[in-house]
J.: 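The structure that follows is given in the form of structure tokens.
Per chain, numbering begins at 1; letters A, B, ... match sequence-line order.
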Amino acid sequence: MSETRDYKPTLNLPKTSFPMKANLAQAEPATLARWQASDVVGAVAAARASAEPFVFHDGPPYANGSIHVGHLLNKVLKDIVVRSVLMEGRACHYVPGWDCHGLPIEHRVMTGLVESGKAAKLDTLSDDHRRMAIRRECAAYAAKFIKSQSAQMQRLLTLADYANPYFTMQPEYEAGTLEVFAGLLNEGYVFRQLKPVHWSIANQTALAEAELEYEDRVDPSIYVDFEAADRSKIDGAFGIECECTPSFMIWTTTPWTLPANLAIAVHPSHPYALVEMDGTLTIVAAEMLGKVAAIVGATGVKTLATALGSALVGLEYRHPFCDRTSRIVAADYVTMEDGTGLVHTAPGHGDDDYRTGLREGLEIYCPVQGDGTFDATAPEWLRGKVVWDANTLVVEHLRASGHLVHALQFTHSYPHDWRSRTPVIFRATEQWFIGVDRAGARAGQSLRAMARDAVNNTIKFVPAWGQSRLKGMIESRPDWCISRQRAWGLPIPAFRTADGTVFMTSASVRAIAQCVRANGSDAWFTLTPAVLLASYDAASDPHAPKDLCIESLTKMYDIFDVWFEAGSSWNSVLRQRGLGYPSELYLEGSDQHRGWFQLSMLPALGVTGATPFRTLLTHGFLVDKDGRKMSKSLGNALDVDVLLKDFGAEVARWWVSGVAYDGDIRIDLDYFKVAGESYRKVRNTIRFLLSNLYDAPAWTQEQVIEFACASKPESIDGWLMGELTALEVEARAAYKEYDFRRVHLAIFNFCNETLSSVYCAAVKDRLYCDAADSPRRRQSQAVARVATEVLTRLLAPFLPHTAEEAWIALRGSRAPLLFTQTHIGLTFARDVRWVHVMAARAAVSKALEGAKSLGIDNPLDAAVTLPDANGALAPFAAELADLCGVSQVILDANATLVLVSDLRALARCDRSWRRDGTVRQRSDGGMLSDRDALSVGV
RNA sequence: GCGCCAGUAGCUCAGCUGGCUAGAGCACACCCCUGAUAAGGGUGAGGUCGAUGGUUCGAGUCCAUUCUGGCGCACCA
């Protein structure tokens with residue numbers, strides 16, 4: 001017997017420049033550099049110059065620190081939107097932005113200044129100069145992080161106009177924000193009102209939560225009797241007759257706030273007891289009675305009657321040392337944990353108290369001045385005294401007047417000013433608000449009503465539950481306090497007139513906006529009121545105060561809540577830059593229902609009457625593999641740079657694309673390994689397709705599509721064309737619904753099953769062994785080429801680098817940019833008869849597995865007999881052997897089971913390794929089947 | 001404490017308006033191929049569907065309660 005000839009050189013074996021190893025960590029930066037050098041953003045814009053635009057607006061991340069995995073998720077999702085929209089042939093000019101102002105930066109900068117010893121020097125400067133010095137530092141700090149974050153975001157291979165980003169500290173942005181504010185003023189939504197804030201006496205400033213440190217502090221804890229004003233009403237409430245006038249007993253740890261007491265709060269649904277306690281009549285919560293009696297050391301306690309808190313509401317009491325009577329009010333925040341169940345309420349000194357005060361129509365009374373001393377409205381013996389000294393005075397006064405039930409020292413955690421380390425107080429100050437329940441001048445309805453309507457009827461939510469979430473937040477939100485007492489921000493351009501009233505009108509704000517547009521918001525600190533208001537004409541401003549004297553105005557120094565700035569981006573960016581309005585989509589984490597979504601919606605509703613977005617897409621938060629939140633302290637936070645280095649941006653993007661982004665998203669290095677595996681699977685499948693196209697004719701796109709579509713429905717090629725069409729339709733529909741995971745799974749499944757397991761395996765023999773230019777081989781090459789064309793486009797939004805790599809391998813380096821292309825739009829009908837064929841194929845696989853026990857390890861050593869009683873398989877007879885990977889398939893109308901027969905006794909083709917029954921010795925001495933003999937030409 | 005969301009094989013997830021022995025991919029085990037080769041293919045073993053109670057002829061699927069976790073909000077007088 002002659003030895004087996006080596007026919008390998010005669011085969012059409014695959015070849016490609018597209019490497020199996022992606023080497024992403026090195027290859028991606030090169031792609032990035034190429035994009036930057038060739039101005040991809042410009043090229044794509046040019047290609048879509050006349051296309052229908054898709055307006056998509058970036059919510060600004062805060063310009064602080066390094067980007068974290070949350071940014072990665074958010075930015076990649078956004079980029080997938082941008083690129084998928086482009087592939088649909090629409091234009092999408094995406095402008096990235098940053099939020100620059102605000103406390104986190106000012107805090108960091110101030111800490112730095114304190115550490116470097118420069119802070120003390122600042123205190124010697126005038127207010128304007130000091131603020132400017134801080135602002136300069138802050139601006140530099142923000143600029144530095146914008147630069148580094150921008151580079152990190154670009155490294156994620158995101159496509160955006162990084163050359164022209166927006167910052168909330170840009171002069172034109174600031175001007176756009178002020179114009180929104182002017183619009184709201186004009187509609188009457190803006191007002192000024194007292195509100196309690198954390199106040200540092202040492203620095204005479206309001207503090208934000210982040211500027212507080214909690215330290216233990218010892219304060220007097222006192223139980224005080226507030227005498228009822230009308231005994232008969234008490235009798236009515238409890239249904240008994242009292243022998244003397246009872247008192248309401250309250251508890252407080254801040255005796256100095258008692259002068260501002262304007263109410264006592266009770267819980268409406270808890271029982272309160274009227275008790276005789278050591279000879280006096282007192283009212284406390286029934287549940288607290290035991291505790292209170294024990295603390296105050298009462299010996300004789302007798303409950304006379306009980307009544308629900310709601311029965312007490314409206315009763316009046318006499319203030320123990322101020323000449324007034326006040327009411328009992330209901331509040332459901334009253335708890336039965338500490339105190340007496342009756343809560344001392346001073347609307348000027350507490351947030352809850354404030355809210356209660358507003359609801360009950362109480363004065364927001366604050367007799368404490370900025371320096372911590374009592375003003376002239378306080379009782380004479382307290383005037384001019386600092387609150388800390390007042391504590392003792394109040395206790396002694398109460399003791400002397402017999403109102404003090406008990407006093408003890410109490411250690412508790414108390415907020416302190418982080419800079420001066422002195423205790424802060426809660427003190428009502430005047431703040432600016434945007435009212436959500438005031439009817440606007442033009443709209444005639446409130447922002448809340450408009451927002452409610454938009455949430456119910458206009459906005460599309462992805463996922464749908466965003467609607468109920470936003471709805472709940474709209475319903476419960478209070479007026480928006482937009483003023484902050486800080487230096488690093490956009491000034492609220494209000495002035496004080498000589499007589500102390502506040503001057504700020506829609507027209508004056510517009511005038512300031514004009515000045516800020518030219519000079520930036522620093523102008524507020526460097527220019528005089530007269531210069532700032534240069535373009536303001538009081539005569540034509542109907543809201544101008546009478547006899548306005550611009551020369552005598554003084555500037556006020558509140559700045560805007562940064563959310564107001566970010567919430568004005570629809571005007572400062574979309575409208576001012578002419579990018580189109582409104583935005584089709586806002587896409588942020590679910591925390592932005594409270595944040596950017598809502599705070600963009602309110603100003604836009606106020607000014608334009610409509611929401612600045614049509615659809616709200618939210619994604620959940622990243623948690624670790626055990627479902628715990630990511631944090632530096634837990635040490636479970638993943639570093640983006642490490643991910644990029646170890647896996648590459650493409651694997652990270654591939655992971656993002658496959659994630660179920662509604663709800664929590666678990667993230668772990670292991671998941672990136674998994675994503676890397678499936679990425680490689682997709683990559684290798686595409687590589688197989690590409691590698692069989694090396695000698696394909698130079699078809700144009702139109703030609704190859706036409707050729708591929710000419711595949712017979714009963715051919716493997718025809719089957720794939722049907723599957724490919726279905727994939728394209730499905731993926732594009734899912735992209736449109738932002739259901740990227742569905743796209744991801746569809747593509748993966750197509751590569752893994754449809755191509756790798758079925759099509760590629762089936763078509764291998766003809767690609768390798770048919771004559772290079774056989775019609776059958778060319779047909780499959782055309783279909784493989786079309787599959788590659790479709791896949792690169794479908795993958796492009798997820799894997800811009802890999803898709804482009806494949807695109808260049810397919811079309812050459814002079815091909816037009818992938819992102820100037822659009823989807824192929826196949827319409828090859830799926831032939832339903834294939835379900836029978838695929839079922840038969842699955843049955844064969846099982847049967848072959850069983851045949852292994854008979855020694856038939858290699859399917860090419862087998863022939864298979866398939867039952868085909870109804871002739872369903874007959875039309876596909878020519879393809880069945882290739883499809884099943886066996887040498888022969890016989891259809892038998894009478895068979896009932898798949899039968900595997902051993903062909904090992906039959907001659908084996910030296911070239912194709914098949915035993916198809918035509919194998920015999922040929923003129924060159926080799927054992928070849930008819931097809932292979934023909935291919936080799938012997 | 002309140003609002004919203006999630007809890008299905010080791011992992012990531014499908015399971016629509018309640019109805020055959022609860023599905024897929026990955027991982028795993030075993031096997032094949034060695035002409036996609038630091039690739040490719042086949043077969044298989046994995047689940048009391050967070051827990052409890054209820055509605056129903058029948059529930060992963062509806063209702064109630066509860067536990068765990070996430071986001072947001074409130075609270076510490």
J.: Are any of the side-chain nitrogens in A/R904 or A/D902 under 4.0 Å away from the carboxylate oxygens of its partner?
T.: yes

J.: Quick check with a 6.0 Å cut-off and a 45 degree axis cone: is A/R911 positioned over the face of A/Y768's six-membered ring?
T.: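 No cation-pi geometry.
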
J.: Within the structure, does a side-chain N or O atom of A/R477 lie under 4.0 Å from either OP1 or OP2 of B/rC73?
T.: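 A/R477 to B/rC73 OP1/OP2: no side-chain N or O under 4.0 Å.
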
J.: Using the C1' atom as the reference point in each nucleotide, state the distance between B/rG19 and B/rA64 in Å, no decimals.
T.: 24 Å

J.: Please determine which of A/V623, A/V659, A/L638, A/V656 meets the side-chain contact (heavy atoms from CB on, under 4.5 Å) test together with A/I667.
T.: A/L638

J.: If a protein heavy atom is under 4.0 Å from the base, mark B; if only from the sugar-phosphate, S; if neither, -; do that for nucleotides 35-42 of chain B going 5' to 3'.
T.: BBSSSSBB

J.: Grab the stems for RNA chain B, please: at least three consecutive Watson-Crick or wobble pairs, both distances below 3.5 Å, written as range with range.
T.: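 So the stems come out as B:1-7 with B:67-73, B:10-13 with B:23-26, B:28-32 with B:40-44, B:50-54 with B:62-66.
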
J.: Do any side-chain nitrogens or oxygens of A/R742 fall under 4.0 Å of OP1 or OP2 in B/rG25?
T.: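 Negative; the distance criterion is not met.
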
J.: Say you pick atom P in B/rG15 and the same atom in B/rU8; how far apart are they, in whole Å?
T.: 14 Å

J.: Sequence neighbours left out, what pairs pass side-chain hydrogen bond (donor to acceptor under 3.5 Å, both in side chains) with at least one residue falling in residues 462-472 of chain A?
T.: A/N456-A/K471, A/R469-A/H593

J.: What's the closest nucleotide to the A/R469 side chain, out of B/rG70, B/rG3, B/rC11?
T.: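 Of the candidates, B/rG3 comes closest.
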
J.: Select from A/P859 and A/E677 the residue whose nearest nucleotide in RNA chain B is closer to the 5' end of that strand.
T.: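 By nearest-heavy-atom nucleotide position, the 5'-most residue is A/E677.
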
J.: Would you kindly give the CG-to-C1' distance between A/L262 and B/rA77, to the nearest whole Å?
T.: 15 Å

J.: Taking the P atom of each, how far is B/rA36 from B/rA51, in whole Å?
T.: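 B/rA36 and B/rA51 have their P atoms separated by 48 Å.
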
J.: When you measure from the side chain of A/D352, which nucleotide among B/rA77, B/rC13, B/rC76 comes out closest?
T.: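 Among the listed nucleotides, the one closest to the side chain of A/D352 is B/rC76.
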
